[in-house]
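The next block holds one structure in the form of C-alpha cells; read it before the comments.
Residue numbers count from 1 along this sequence. Because the structure is a prediction, the values reported are computed rather than measured.
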Amino acid sequence: MFPATFHCHELTIKRKQVIYRANQLANGFYYLEEGLVGLYRITETGKENLLRVYGRGDYFGYRSLFSHQRYHLTTRSLLPTKLQHIQLRSLDQLQQHAPELLKHLMKEVCQELGDAENRLSDIAAHSAAVRIIDAILHLFQHFDYYPWTSREIAEYSGTETQTVIRLCRQLKQKELLDPTSRKISPVDFHRLKSYRAVLAGDK
C-alpha cells in the first residue's frame, strides 16, 4: 500500500484506547484500516469535545507533521481498530516517494479547515436543537455501524447530554427517531432534515 521506503507499523487498538495525546511529539501519521477513531479536545476541567470522526480508509495525524508541531488534540478509538502508523522524518519523504499521497493529504487539510470553520459558524448561528440534529444526521449517515450515544452526540454538537436526551425524546414522539428503541435510531433522514430546516427557519 505504501512505498517500501516508508517505515509502516501495524497497530491493533482496543476500544476506547488512546492513540496519541495532545502535546505528544508527532512522528508520522496514521491510516485507518478498520474501526473508528474520534478526535477530541479535552478541556482543563476534563470535559471532552468530539471534533471529528475517522472511519475506514481515512488518514489522520498528518497536520502536526505538516506544521512541525506537537499534536494539538487527542485521538481515541471508538471501536476495536486496526491502523497503519506511517513513520516519517519529514514531508520531503512524502514529496519524493509518494507525491500523489501528499496531494491527497493537502486536500484533506483544506477540507478539514473548511469543515471546522463551518462548525464554528453553526455554533454562533444555530440553536442547540439544530446543532444536535446536524450531529445526528452527520454521524448516523457517515458512520451508521456505530451506536452513537447521547453523550457523544452532545460532545460533537457542543451541547449538554441532558439537552440531547430531551430533544431525542421529542424526536421519538414525532417518530423521527425510532420510538420503540432505547437507543438513538433515525427512522427517516429526509423527514429529519425537513424538521431541522423548520427549526432553523430555512422554510
Side-chain angles (χ1 to χ4, degrees), residues 1-13 15-42 48-124 131 134-146 148 152-153 155-158 189:
M1 180 184 296
F2 300 103
T5 52
F6 288 6
H7 182 200
C8 300
H9 182 55
E10 186 168 284
L11 302 174
T12 299
I13 307 294
R15 181 172 176 268
K16 295 187 177 182
Q17 183 176 336
V18 170
I19 299 162
Y20 60 75
R21 296 184 184 277
N23 296 318
Q24 183 178 323
L25 283 172
N27 180 20
F29 59 99
Y30 297 83
Y31 175 75
L32 204 163
E33 293 184 335
E34 286 182 28
L36 203 64
V37 170
L39 180 70
Y40 293 88
R41 175 187 290 116
I42 302 175
E48 294 185 345
N49 299 120
L50 177 59
L51 302 182
R52 184 169 293 276
V53 180
Y54 298 104
R56 292 184 290 260
D58 285 339
Y59 295 90
F60 64 95
Y62 49 82
R63 281 177 294 172
S64 295
L65 178 67
F66 283 11
S67 61
H68 302 287
Q69 295 177 323
R70 293 173 182 264
Y71 292 117
H72 292 168
L73 302 167
T74 296
T75 51
R76 187 175 67 239
S77 59
L78 297 169
L79 292 172
T81 295
K82 288 185 179 180
L83 302 170
Q84 287 285 346
H85 182 201
I86 302 95
Q87 297 179 324
L88 296 176
R89 295 185 301 274
S90 71
L91 286 179
D92 291 339
Q93 287 179 274
L94 266 180
Q95 178 64 54
Q96 182 178 358
H97 301 289
E100 291 303 314
L101 176 56
L102 177 58
K103 289 180 184 179
H104 173 76
L105 295 181
M106 292 177 69
K107 288 180 181 179
E108 288 293 307
V109 167
C110 294
Q111 180 67 48
E112 289 192 7
L113 286 174
D115 290 345
E117 289 176 354
N118 289 335
R119 289 185 66 186
L120 281 173
S121 64
D122 285 345
I123 289 174
R131 300 202 311 273
D134 282 342
I136 291 172
L137 287 169
H138 176 78
L139 295 174
F140 280 92
Q141 286 185 301
H142 288 84
F143 310 102
D144 62 347
Y145 49 91
Y146 181 79
W148 296 101
E152 289 163 336
I153 291 170
E155 290 171 354
Y156 193 79
S157 61
F189 287 119

Minimum heavy-atom distance [X]-[Y], with the two atoms named:
{"X": "L36", "Y": "F143", "result": "CD1-CD2, 3.4 Å"}
{"X": "I86", "Y": "Q84", "result": "CD1-O, 3.4 Å"}
{"X": "L50", "Y": "V53", "result": "CD2-CG2, 4.1 Å"}
{"X": "F189", "Y": "L137", "result": "CD2-CD2, 3.7 Å"}
{"X": "F6", "Y": "Q93", "result": "CE1-O, 3.8 Å"}
{"X": "L73", "Y": "Y20", "result": "O-CE1, 3.5 Å"}

Would you say the side-chain atoms of [X] pair up with the backbone N or O of [Y], donor to acceptor, closer than 3.5 Å?
{"X": "R131", "Y": "G158", "value": "yes"}
{"X": "R76", "Y": "V18", "value": "no"}
{"X": "S157", "Y": "A135", "value": "no"}
{"X": "S77", "Y": "Q17", "value": "yes"}

With side chains defined as the heavy atoms from C-beta onward, is the minimum distance between [X] and [Y] less than 4.5 Å?
{"X": "K103", "Y": "M106", "result": "no"}
{"X": "E155", "Y": "N49", "result": "no"}
{"X": "T81", "Y": "L11", "result": "no"}
{"X": "F60", "Y": "I19", "result": "yes"}
{"X": "E33", "Y": "E10", "result": "yes"}
{"X": "V109", "Y": "L113", "result": "yes"}
{"X": "L102", "Y": "F66", "result": "yes"}
{"X": "H104", "Y": "Y59", "result": "yes"}

Can you tell me how far apart [atom1] ([X]) and [atom2] ([Y]) are? Round to the nearest 0.5 Å.
{"X": "N27", "Y": "Q87", "atom1": "CG", "atom2": "CD", "answer": "4.5 Å"}
{"X": "N23", "Y": "R70", "atom1": "CG", "atom2": "CZ", "answer": "7.0 Å"}
{"X": "L51", "Y": "L39", "atom1": "CG", "atom2": "CG", "answer": "5.5 Å"}

Partner residues of [X] under the side chain to side chain contact (heavy atoms under 4.5 Å, CB included) criterion, sequence neighbours left out:
{"X": "Q96", "answer": "none"}
{"X": "A26", "answer": "S64, Y71"}
{"X": "Q111", "answer": "D115"}

Quiz item: Relative to Y145, does R56 satisfy both conditions: NZ or CZ under 6.0 angstrom from the six-membered ring centre, and within 45 degrees of the ring's axis?
Solution: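 Checked: cation-pi criterion met.
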Quiz item: Name the one of R63, E117, K107 that satisfies side-chain contact (heavy atoms from CB on, under 4.5 Å) with E112?
Solution: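 That would be R63.
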Quiz item: How about Y31 and H85: are their ring centroids closer than 6.0 Å?
Solution: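 For Y31 and H85, the ring centres are not under 6.0 Å apart.
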Quiz item: Can you check side-chain contact (heavy atoms from CB on, under 4.5 Å) on Y156 and R52, steps first, answer last?
Solution: CA-CA 8 Å; Y156 193 79; R52 184 169 293 276; 5.6 Å; no
Quiz item: If we ignore angles and hydrogens, is there a donor and acceptor under 3.5 Å between the side chains of H138 and Q141?
Solution: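 Not at all, the side chains of H138 and Q141 share no donor-acceptor pair under 3.5 Å.
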